[in-house]
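Reviewing the structure listed below.
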Amino acid sequence: METNQPTKVTVQAVIQAPVEKVWRYWTEPDHITKWNQASEDWHAPRAENDLRIGGKFLTRMEAKDGSMGFDFGGIYDVVSRHEAIGYTMEDGRRVDIAFVDQGNETKVIETFDAESSNPVEFQQAGWQAIMDNFKAFTEQN
């Protein structure tokens, strides 16, 4: 029996910082533009974030050489301060993020619906690279 349920992909990291800082760096546009890219040849020149249920977010992602770019956005379905964020992307896929307070460190677990045009492994590697950038930026600042 065939189902149309999307493949769920999970990436995660343990950040050496308290949950309050991790939440702030994950959600504030001034910080988002500093870590939200999968590789050194990409950047996020602009971010907007209305962090509330029904609020929208948008991050502009571009190749540094100007060859390509896209807007990554969605609408929040879940906002539980310092605990969880859930949103639906513009193409209807879901993303859920858990922030697990472990004292002086925070585990961030992000699960997303894979899209069908790229291999799941490719998508997981890209999202994990962004998570790793977030971890490095948060721990170094």
Side-chain angles (χ1 to χ4, degrees), residues 2-141:
E2 176 114 1
T3 64
N4 288 331
Q5 294 299 316
T7 300
K8 301 272 186 195
V9 181
T10 299
V11 297
Q12 60 186 329
V14 175
I15 317 303
Q16 301 302 311
V19 71
E20 296 82 5
K21 178 181 180 183
V22 170
W23 181 268
R24 193 170 67 251
Y25 278 40
W26 189 274
T27 61
E28 292 179 2
D30 287 348
H31 295 302
I32 293 167
T33 59
K34 308 257 187 340
W35 60 261
N36 200 353
Q37 64 273 337
S39 64
E40 286 296 316
D41 51 342
W42 280 74
H43 67 147
R46 187 177 80 253
E48 302 166 11
N49 196 16
D50 182 9
L51 187 63
R52 62 181 175 83
I53 294 174
K56 295 181 180 182
F57 73 91
L58 181 131
T59 302
R60 178 68 186 170
M61 302 174 103
E62 295 180 353
K64 288 181 179 176
D65 67 5
S67 62
M68 62 181 358
F70 62 93
D71 290 338
F72 180 81
I75 298 175
Y76 290 111
D77 307 305
V78 175
V79 177
S80 181
R81 186 175 168 87
H82 299 163
E83 294 177 3
I85 294 173
Y87 61 86
T88 302
M89 290 185 264
E90 293 170 340
D91 64 5
R93 293 182 296 136
R94 289 272 315 143
V95 178
D96 292 292
I97 307 140
F99 298 83
V100 182
D101 184 348
Q102 299 178 314
N104 287 330
E105 61 184 31
T106 306
K107 187 173 192 176
V108 180
I109 306 163
E110 185 174 30
T111 302
F112 65 95
D113 293 343
E115 43 92 357
S116 58
S117 52
N118 289 295
V120 170
E121 298 78 17
F122 177 80
Q123 295 173 65
Q124 184 170 26
W127 286 59
Q128 185 65 55
I130 293 170
M131 178 72 76
D132 294 345
N133 283 342
F134 173 75
K135 173 181 170 63
F137 175 75
T138 303
E139 290 178 353
Q140 293 167 10
N141 290 281

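Residue numbers count from 1 along this sequence.
Proximity of a side-chain donor or acceptor of Lys56 to a complementary backbone N or O of Asp50 within less than 3.5 Å is not detected. With Asn49 contributing its side chain and Thr27 its backbone, the two residues share a donor-acceptor pair below 3.5 Å. Thr106 places no side-chain N or O within 3.5 Å of a backbone atom of Ile15 that could act as its donor or acceptor partner. Of the possible polar contacts, one joining the Asp77 side chain to the Thr88 backbone as a donor-acceptor pair under 3.5 Å is found.
We find the OG1-CD distance between Thr10 and Gln124 to be 7.5 Å, quoted to the nearest 0.5 Å. To the nearest 0.5 Å, the span separating CD on Glu62 from CH2 on Trp42 amounts to 8.0 Å. In this structure, OG1 on Thr59 lies 9.5 Å from CZ on Phe70, to the nearest 0.5 angstrom. Interatomic distance, CD of Glu115 versus OG1 of Thr7, reported as 10.5 Å (0.5 Å rounding). From Asp71, atom CG reaches atom CZ of Arg60 across 4.5 Å, with rounding to the nearest 0.5 Å. Distance check: Arg94 CZ to Thr111 OG1 gives 10.5 Å after rounding to the nearest 0.5 Å.
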For residues 127-138, which side-chain N or O atoms pair as donor and acceptor with protein atoms under 3.5 Å away, sequence neighbours left out?
| from | atom 1 | to | atom 2 | distance (Å) |
| --- | --- | --- | --- | --- |
| Gln128 | OE1 | Gln12 | N | 3.4 |
| Gln128 | NE2 | Gln12 | O | 3.1 |
| Gln128 | NE2 | Asp132 | OD1 | 2.9 |
| Asn133 | ND2 | Gln37 | O | 2.4 |
| Lys135 | NZ | Val14 | O | 2.5 |
| Lys135 | NZ | Glu139 | OE2 | 2.7 |
| Thr138 | OG1 | Phe134 | O | 2.9 |

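Trp35 has its side chain out of reach of Asn141: every pair of non-hydrogen atoms, C-beta onward, lies at least 4.5 Å apart. Residues Phe57 and Leu51 form no side-chain contact, since every pair of their non-hydrogen atoms from C-beta on lies 4.5 Å or further apart. Counting only heavy atoms from C-beta outward, the side chains of Val108 and Phe99 approach each other to under 4.5 Å. Looking at heavy atoms from C-beta onward, Asp113 lies in side-chain contact with Lys8 at the 4.5 angstrom threshold. Within the 4.5 Å cutoff, side-chain heavy atoms of Trp23 are placed close to those of Ile85. Contact annotation: the side chain of Asn104 never approaches that of Gln16 to less than 4.5 Å [non-hydrogen atoms, C-beta and beyond]. No side-chain heavy atom of Pro6 sits less than 4.5 Å from a side-chain heavy atom of Arg93.
Dense packing is recorded around CZ of Phe72, with more than 12 heavy atoms of other residues, nucleotides or ligands lying under 6.0 Å away. Around atom CZ of Arg24, more than 12 heavy atoms belonging to other residues, nucleotides or ligands sit under 6.0 Å away. With a 6.0 Å radius and a threshold of 12 heavy atoms from other residues, nucleotides or ligands, Lys21 has its NZ atom above the threshold. More than 12 heavy atoms of other shown residues, nucleotides or ligands fall within 6.0 angstrom of atom CG in Asn118.
Contact check on Glu48 versus Arg46 returns a salt bridge, with a Lys/Arg side-chain nitrogen under 4.0 Å from an Asp/Glu carboxylate oxygen.
Of all non-hydrogen atoms in Ala47 and Pro29, the two that sit nearest each other are O-CB, 3.3 Å. Taking each heavy atom of Val9 and Ala114 in turn, the nearest pair found is CG2-CB, 3.9 Å.
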